[in-house]
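Keep in mind that this is a model prediction, so the values were computed, not measured. A note on names: the letters A, B, ... follow the listed sequences, proteins ahead of strands, and every chain is numbered from 1.
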Number of protein chains: 2
Amino acid sequence: MAKPTKANIPITEHLAYLLAQANREINRQLELRLSKEGVPVEQWRILKVLSDGNGHSMGELAEAVLLNHPTLTKMIDRMVSDTLVYRVQDPNDRRKVLMFISDRGKVLSKRLNSLAVDQEEHILESYGDKSTSELKRLLESLIDSSN
Amino acid sequence: MAKPTKANIPITEHLAYLLAQANREINRQLELRLSKEGVPVEQWRILKVLSDGNGHSMGELAEAVLLNHPTLTKMIDRMVSDTLVYRVQDPNDRRKVLMFISDRGKVLSKRLNSLAVDQEEHILESYGDKSTSELKRLLESLIDSSN
DNA sequence: CTTCAATTGTTGAATATTCAATATTTTCAA
DNA sequence: TTGAAAATATTGAATATTCAACAATTGAAG
């Protein structure tokens, strides 16, 4: 007689595993490109978010760049030393710190962006236009459905 | 006149970012479930890979569970202390160490699997059958095209 | 008003990961 | 057969991340 339980799924069929694997691979490629500027992926994200020119609180930023608070604080400390960003106390809520991108940060951000865009284009070539946009759509929708 | 360069893409449209975000979210959910057994996601992966009953070398295992060698070595050290897995020197190539799952490891692995399957089912419900299988297909194909 | 809970960010200690160096074994060319 | 190079795993030091505690400010109830 057949077992009532579902057949054992190999790890390579778990969505969680496929996401981790794909993320690892794409991240590795991006890391490699950004390393030409000696910048970790997280700093690219931070600069990119701040490059709208607005002030962003640490909490908001942590959420946006997928880092938890203490890790972000310490990374921002380094970026402040490198004069890529700077802190301003929020005048409307003095618990908050608003982060801004510096001129130097903007210059670097532009160079990083073209490296990142290079990668996107490389993916489009090898993986295809259609698959890429479909994958992005599905990922967005997965993220939405998880909240 | 229009700029010849591509318009600045927001970070939320980069595939690398969407993958990181989705991975973070799904991983967090899985982590939460596995925490009922006090086991990190990586140990679930290790046990799952080893639960075919065969010996797997450290290199092979590191690749399969998405960890680099030194990290895996140290995690395996802990799992050996917990008697979930054990090391055997490969008789055919004495540079290698073959990892095996213990009986205790098998018992734990089964419990972890149902937690992981729970999650898959939860995703199927909220995200849909069709989207899930399509997403998996696209992820596999992205991973393939990256090698 | 006053007080107490919630929010925000940082810090220091504990933990985990990574990098470079090492040890061992195997492979392979001379 | 020998010796150098490659492959495999581990180690220890350097880095990075996380957790829990803390400090400061705000919000809100009484």
Side-chain angles (χ1 to χ4, degrees), chain A residues 20-21 23-25 27-32 34-35 38-46 49-50 54-82 84-100, chain B residues 20-21 23-25 27-32 34-35 38-46 49-50 54-82 84-100:
Chain A
Q21 200 182 359
N23 178 51
R24 184 180 160 92
E25 187 55 43
N27 205 55
R28 210 201 303 262
Q29 290 172 17
L30 181 57
E31 215 163 45
L32 189 68
L34 297 183
S35 72
V39 171
V41 174
E42 290 78 13
Q43 291 198 15
W44 166 65
R45 291 196 199 129
I46 292 170
V49 169
L50 295 186
N54 299 324
H56 294 261
S57 75
M58 291 297 280
E60 191 190 334
L61 199 51
E63 185 64 23
V65 305
L66 316 176
L67 291 176
N68 52 20
H69 287 220
T71 306
L72 178 63
T73 292
K74 286 156 192 172
M75 184 157 286
I76 288 288
D77 285 348
R78 268 165 275 166
M79 294 175 77
V80 168
S81 300
D82 295 342
L84 296 171
V85 300
Y86 57 93
R87 293 177 161 99
V88 174
Q89 193 171 68
D90 186 337
N92 298 119
D93 183 342
R94 300 206 325 270
R95 289 170 302 182
K96 292 187 184 174
V97 170
L98 298 181
M99 298 305 312
F100 289 90
Chain B
Q21 199 181 0
N23 179 51
R24 185 179 159 91
E25 187 54 43
N27 205 55
R28 207 200 307 261
Q29 290 173 16
L30 181 56
E31 215 164 44
L32 189 68
L34 297 184
S35 72
V39 172
V41 174
E42 290 78 13
Q43 289 197 17
W44 166 65
R45 292 197 198 128
I46 292 169
V49 169
L50 295 186
N54 299 324
H56 294 261
S57 75
M58 291 296 280
E60 191 190 336
L61 198 51
E63 186 63 23
V65 304
L66 315 177
L67 292 177
N68 53 19
H69 288 219
T71 306
L72 179 63
T73 292
K74 285 154 192 172
M75 183 158 285
I76 288 288
D77 286 347
R78 269 166 273 165
M79 295 175 77
V80 168
S81 301
D82 295 343
L84 296 172
V85 299
Y86 57 93
R87 292 177 162 99
V88 175
Q89 193 173 68
D90 186 337
N92 297 119
D93 183 342
R94 298 199 335 264
R95 290 170 302 182
K96 292 187 183 173
V97 170
L98 297 180
M99 298 304 314
F100 289 89

(request) For B:Leu34 and B:Val41, work out which heavy atoms get closest and say how close. (result) CD1-CA, 3.8 Å

(request) Give a yes/no answer on whether the side chain of A:Arg78 brings an N or O atom under 4.0 Å of OP1 or OP2 in D:dT15. (result) no

(message) Distance check needed: C:dT27 P versus B:Asn92 CG, whole Å only.
(response) 10 Å

(message) On DNA chain D, compare the nucleotides closest to B:Met58 and A:Glu42; which residue's is nearer the 5' end?
(response) B:Met58

(request) Quick one: pull up CD in B:Glu63 and CG in B:Asn68 and give me the separation to the nearest 0.5 Å. (result) 11.0 Å

(request) Look at A:Ser57 and C:dT8 and indicate whether a side-chain polar atom (N or O) is within less than 4.0 Å of OP1 or OP2. (result) no

(request) Going by the side chain to side chain contact (heavy atoms under 4.5 Å, CB included) test, name the single residue among B:His56, B:Met75, B:Met99 that passes it with B:Ile46. (result) B:Met75

(request) Find the distance between CG (A:Leu66) and CG (A:Leu61) and round it off to the nearest 0.5 Å. (result) 10.5 Å

(request) Side chain of A:Lys74 only, please: which of C:dG12, D:dA9, C:dG9 is the nearest? (result) C:dG12

(request) Would you mind reading off the distance between B:Asp77 atom CG and D:dG12 atom P, rounded to a whole angstrom? (result) 11 Å

(request) Let me know the distance between CZ of A:Arg24 and P of C:dT17, rounded to the nearest Å. (result) 12 Å

(message) If I take atom CZ in residue A:Arg87 and atom C1' in nucleotide C:dT10, what distance separates them, rounded to the nearest angstrom?
(response) 9 Å

(request) Enter the distance from A:Met58:CE to A:Leu67:CG here, rounded to the nearest 0.5 Å. (result) 9.5 Å

(request) Report yes if at least one side-chain N or O of A:Thr71 is closer than 4.0 Å to OP1 or OP2 of D:dT18; otherwise report no. (result) yes

(message) Minimum heavy-atom separation for A:Val80 and A:Tyr86, please, with both atom names.
(response) CG2-CA, 4.5 Å

(message) Tell me if a side-chain donor or acceptor on B:Arg87 pairs with a main-chain N or O of B:Val97 at a distance below 3.5 Å.
(response) no

(request) Looking only at side-chain atoms of B:His69, point me to the closest of D:dT10, C:dT18, D:dT18. (result) D:dT10

(message) Nearest heavy atom decides the nucleotide; on that basis, is B:Gly59 or A:Leu67 closer to the 5' end of DNA chain D?
(response) B:Gly59

(request) Rounded to the nearest angstrom, tell me the gap between atom CD in B:Gln43 and atom P in C:dT17. (result) 10 Å

(request) May I ask you to list the residues of residues 93-100 of chain B, by number, that have any heavy atom positioned under 4.0 Å from an atom of DNA chain C? (result) B:Asp93, B:Arg94, B:Arg95

(message) If I take atom CG in residue B:Leu72 and atom P in nucleotide D:dT8, what distance separates them, rounded to the nearest angstrom?
(response) 14 Å

(request) To the nearest Å, give me how far apart CG (B:Asn68) and C1' (C:dA20) are. (result) 13 Å

(message) From CD1 of A:Ile76 over to C1' of C:dT11, roughly how many Å is that when rounded to an integer?
(response) 16 Å

